[in-house]
Amino acid sequence: MRDEIRRNMPLFSMGIITKLTELTPRQVRYYEQQGLIRPARTKGNQRLFSFNDVDRLLHIKSLMEKGVNIAGVKEMLQERDRQQARESQPEPQPKKAVKPDLSEAELHKLLKRQLSELSYKPNRSHLIQGELSRFFH
DNA sequence: TTTCTAACA
DNA sequence: TGTTAGCA
């Protein structure tokens, strides 16, 4: 898996990242504070982001745009990290329908939790519920 | 010129 | 989240 090395190679400055993701530097730094990403640093303490960081930031952005809060985003990304860990490590067990079912179920849990939290926000709640309703048949 | 940290009318 | 101050 030398592809992982490429994906994690620190390449992009803050300026490139903000253009690539359309996030503000403030937002990017805040997400780092929250432990959502951990970019490398230059000798001058400048952040250097990898393709993986870009990926995560875009993921974060899309979730935030749907009204998911930081806590929710954290859980979603943790779930993504768990799946990646399982893919990198040899999984000697059943080859097929185990991993997908589990992650799907957990995803639903998380979304339900989000939905109940959002119900206290009279403002956007109807929009969010409309977006998320397809997960609860 | 760009980015960093810290802090707030 | 925005924005600003003061550095490197």
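Just the heavy atoms: all of them, side chains too, but no hydrogens, waters or symmetry mates, feed the values below. Chain letters run A, B, ... following the sequence lines, proteins first, then strands; residues in each count from 1.
Dashed line: the shortest gap from a side-chain N or O of Q27(A) to OP1 or OP2 of dT1(C) is under 4.0 Å. A sub-4.0 Å separation between OP1 or OP2 of dG2(C) and a side-chain N or O of T24(A) is present. When the side-chain nitrogen and oxygen atoms of R41(A) are compared with OP1 and OP2 of dT5(B), one or more of them lie within a distance under 4.0 Å.
Of all nucleotides present, none satisfies the Watson-Crick or G-U wobble test against dT1(B) with each distance under 3.5 Å. Using the Watson-Crick or G-U wobble rule with both distances under 3.5 Å, dA9(B) pairs with nothing in any strand shown.
What separates NZ of K19(A) from P of dT2(B) is a distance of 8 Å, to the nearest Å. Taking atom CE on M14(A) and atom C1' on dA8(C), their separation rounds to 16 Å, with Å as the unit. Rounded to whole Å, the distance from NZ on K43(A) to P on dC4(B) is 18 Å. dT1(C) atom P lies 11 Å from atom CG of N69(A), rounded to whole Å. Distance, Q46(A) CD to dT1(B) P: 16 Å, rounded to whole Å. Here dT3(B) presents its P atom at 14 Å from CG of L23(A), a figure rounded to the nearest Å. To the nearest angstrom, P of dT1(B) lies 18 Å from CD1 of I16(A). The nearest whole Å value for the distance from the OH atom in Y31(A) to the P atom in dT1(C) is 4 Å.
From I16(A), atom CD1 reaches atom CG of L11(A) across 8.5 Å, with rounding to the nearest 0.5 Å.
Contact of R47(A) with dT3(B) (side chain to base): no donor-acceptor pair of N or O atoms is detected under 3.5 Å.
In this structure, L48(A) is not a member of the same hydrophobic cluster as L23(A), with clusters built from ILVMFWY side-chain heavy atoms closer than 4.5 Å.
Remark: D53(A) does not engage R7(A) in a salt bridge, criterion side-chain N to carboxylate O under 4.0 Å.
Mapping G44(A) and R26(A) onto DNA chain B by nearest heavy atom places G44(A) at the nucleotide closer to the 5' end.
In this structure, I70(A) and K74(A) have side chains that are in contact, with non-hydrogen atoms separated by less than 4.5 Å.
With no hydrogens or angles considered, a side-chain donor-acceptor pair links T24(A) and Q27(A) at under 3.5 Å.
Nucleic acid contact for G15(A): sugar-phosphate only, since backbone atoms but no base atoms lie under 4.0 Å from a heavy atom of the residue.
Closest to the Y30(A) side chain, of the nucleotides dT1(C), dT5(B), dT3(B), is dT1(C).
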